[in-house]
Enquirer: 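Let me give you the structure first, and then I'll get to my questions.
Order of appearance sets the numbers: ligands from 1, and atoms from 1 within every ligand. These values consider heavy atoms only, across backbone and side chains, with no hydrogens, waters or symmetry-generated copies. Count residues from 1 along the sequence.
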Amino acid sequence: MTAIEVYRLRRKPARVRIENYRKYVVLNITAIAGTLIHTGFIGLFTVIGADTLALFNILSVLVLAVSLWLNRAGMHAAAIYLMCLEIAGHAFLATATLGAAAGFHYYLWPVACVAVINPRMLPRQAAVIGFTLIALFAYLQLRYAALPYGFAYAEYLPLLLFFNVMAAALPLILAVVMVRQINESQERRLTEIANRDELTGLYNRRFGNDFLHQTFAASDRLARNYCIAMGDIDHFKAVNDRYGHEAGDQVLEDIAIALLGGFRRSDCLCRWGGEEFMIAFPDTTRETALAALERFRDRLASHYSRVDGERINVTMSFGLVSVRPGESVEAAIKRADHWLYEAKHQGRNRIVSDVHDTGADVLSHTG
Ligand SMILES: Nc1nc2c(ncn2[C@@H]2O[C@H](COP(=O)(O)OP(=O)(O)OP(=O)(O)O)[C@@H](O)[C@H]2O)c(=O)[nH]1
């Protein structure tokens, strides 16, 4: 469970489901803000002499209190419908009483917006309700535009219009911002899922390949050093055979954690497949990459996985290449694979790297 989920779990009322927490908070804020606004309106309407409206606002406050209770009880859809009904009724009555110049019919816009984004409603149904509410807005505007204002403090009418337009815009903008946030976070999450290996959380082969293709071109253009290492756990089959597949998975996860702690953030760590890993070192000389791999191999020597009280220690072999100018991703990977094979052949637990400028030298680092 993520930290934010733990926080939500602590804060939410018992009957609100964790996946509805965001909805619960937004509805709560809306209902509380609505209650405060309507309480203010009770005073305002009493002062200007619109007693029917003042009485209606007492009813509005009660309706919003019921909505708050429904929201806390987990009945979010019922809370939304009740609030929308209250706002629409109030907009109608206030406009019919004070005229369109007071701007109460503007509250129909956020109600239409909430109706349309409510996921409980079918899209067609939501569209019909949305258009009906906007049609009601247009009707009120046309019908009551010329209604003479017959109450006290007429000079403050423009101020009331300004307040109503701003207050009505607030939930509208909040709703759109919320939808945007949800969209962006879902997009980020989907991209993460598509790019990551499920077991280890490292990047997967598809992402690794894309990364190599993108960074190779830039590196070549700028004549920068670039290294690639292919790594493979030694005798991993024996781990599976002796301790079981689940223990093998545990070892893979622990290796991934060790890899993440062992290299720079700019290096790209991928699970290439099975028990094979690819590390891309952009903007890095062969000597630096070799030193980093050596440090990692040292680290691995004192690194254990614990499975059912047993300590499992594994070693890894690496093939390292410094990318040649103009070399393709596929050719560089093939060479790294070749030196990995050579490392296995020479007895494992070592790093074998090429020296590309001669194409002949082979450095072998053993434990
Ligand atoms: N537990 C687990 N095992 C895996 C996974 N992917 C691949 N393997 C195992 O990794 C083992 C790889 O075995 P081999 O290719 O023979 O290589 P090795 O035993 O590591 O020997 P060398 O590479 O020659 O040192 C196989 O037993 C696979 O089943 C995985 O996701 N989880």
Side-chain angles (χ1 to χ4, degrees), residues 189-212 227-263 267-281 289-290 292-321 329-354 362-367:
R189 199 166 145 61
L190 282 180
T191 312
E192 256 320 89
I193 289 170
N195 291 341
R196 298 276 177 184
D197 167 55
E198 208 180 339
L199 178 68
T200 60
L202 296 180
Y203 287 117
N204 56 26
R205 186 173 184 149
R206 197 176 54 80
F207 178 89
N209 247 319
D210 287 351
F211 180 89
L212 289 176
C227 289
I228 296 179
M230 297 301 295
D232 189 279
I233 304 174
D234 298 325
H235 300 303
F236 192 57
K237 187 175 179 313
V239 173
N240 273 334
D241 290 348
R242 180 159 172 209
Y243 301 99
H245 199 82
E246 273 183 27
D249 283 356
Q250 181 65 53
V251 172
L252 285 169
E253 287 180 55
D254 291 338
I255 290 278
I257 292 168
L259 281 167
L260 286 168
F263 295 92
D267 301 334
C268 178
L269 305 166
C270 299
R271 183 174 178 210
W272 203 245
E275 76 308 6
E276 197 177 7
F277 299 86
M278 188 281 289
I279 309 170
F281 298 93
L290 196 57
L293 286 171
E294 274 301 351
R295 276 196 304 277
F296 176 73
R297 223 170 47 81
D298 275 354
R299 195 186 168 107
L300 215 54
S302 55
H303 187 91
Y304 295 93
S305 291
R306 288 184 183 280
V307 180
D308 296 333
E310 285 228 44
R311 300 199 321 169
I312 307 173
N313 175 245
V314 291
T315 58
M316 282 183 77
S317 301
F318 291 94
L320 171 69
V321 294
V329 168
E330 292 71 23
I333 292 279
K334 200 171 166 192
R335 284 197 305 118
D337 259 338
H338 168 78
W339 295 119
L340 169 61
Y341 179 80
E342 188 59 31
K344 294 274 183 185
H345 186 67
Q346 288 183 19
R348 296 175 177 80
N349 188 20
R350 69 196 61 215
I351 304 154
V352 178
S353 69
D354 71 329
V362 174
L363 292 179
S364 179
H365 296 253
T366 55

Enquirer: How far is atom 20 (O) of ligand 1 from the closest protein heavy atom, and which atom is that?
Expert: Phe236 N, 2.7 Å
Enquirer: Would you say that Tyr341 contacts Lys344 through its side chain, given a criterion of any heavy-atom pair below 4.5 Å between the two side chains?
Expert: no
Enquirer: For atom 6 (N) of ligand 1, what is the closest protein heavy atom, and at what distance to 0.1 Å?
Expert: Gly274 CA, 3.2 Å
Enquirer: I'd like to know if the side chain of Asn240 reaches the main chain of Asp249, judged simply by a donor and an acceptor atom lying under 3.5 Å from each other, with no hydrogens or angles considered.
Expert: no
Enquirer: Considering heavy atoms of the protein only, find what lies nearest to atom 32 (N) of ligand 1 and give residue, atom and distance to 0.1 Å.
Expert: Asp249 OD1, 2.6 Å
Enquirer: Mind checking whether Glu246 contacts ligand 1 via backbone (N, CA, C, O), side chain (CB onward), both or neither, at a 4.0 Å heavy-atom cut-off?
Expert: neither
Enquirer: Please confirm whether the backbone N or O of Gly262 pairs with a side-chain atom of Arg295, one donor and one acceptor, at under 3.5 Å?
Expert: no
Enquirer: Run the numbers for me: atoms of ligand 1, each under 4.0 Å from some heavy atom of Gly248, listed by number.
Expert: 1 (N)
Enquirer: Assess the side chains of Glu246 and Gln250: does a donor N or O sit below 3.5 Å from an acceptor N or O?
Expert: no
Enquirer: Any nitrogen or oxygen of Leu199 lying under 3.5 Å from a nitrogen or oxygen in ligand 1? Just yes or no.
Expert: no
Enquirer: Could you check which of Arg271, His235, His245 puts a non-hydrogen atom nearest to atom 31 (O) of ligand 1?
Expert: Arg271
Enquirer: Pull out every atom of ligand 1 sitting under 4.0 Å from any heavy atom of Arg348, numbered as shown with elements.
Expert: 22 (P), 24 (O), 25 (O)
Enquirer: Given Lys237, Gln250, Glu275, identify the one with the heavy atom nearest to atom 17 (O) of ligand 1.
Expert: Glu275
Enquirer: Nearest heavy-atom pair of Arg348 and Arg350: which atoms, and what distance?
Expert: O-NE, 2.9 Å
Enquirer: What I want to check is whether the side chains of Asp234 and Ser317 have a donor and an acceptor closer together than 3.5 Å.
Expert: yes
Enquirer: Quick one: sort the Phe263 and Phe296 rings into parallel, tilted or perpendicular, breaks at 30° and 60°.
Expert: tilted
Enquirer: Look only at the side chain of Asp232 and the backbone of Phe318, and say whether a donor-acceptor pair between them is shorter than 3.5 Å.
Expert: no
Enquirer: Below 3.5 angstrom, do we get any N/O pair linking Leu252 and ligand 1?
Expert: no
Enquirer: Tell me, which protein residue and heavy-atom name are nearest atom 23 (O) of ligand 1, and how many Å apart are they?
Expert: Lys344 NZ, 2.8 Å
Enquirer: Side chain or backbone of Ile233 under 4.0 Å from ligand 1, or both, or neither, by non-hydrogen atoms?
Expert: backbone
Enquirer: Which bit of Asn240 is near ligand 1, meaning a heavy atom under 4.0 Å away: side chain, backbone, both or neither?
Expert: side chain
Enquirer: Spell out, as yes or no, whether a donor-acceptor pair under 3.5 Å connects the side chain of Arg271 to the backbone of Ala256.
Expert: no
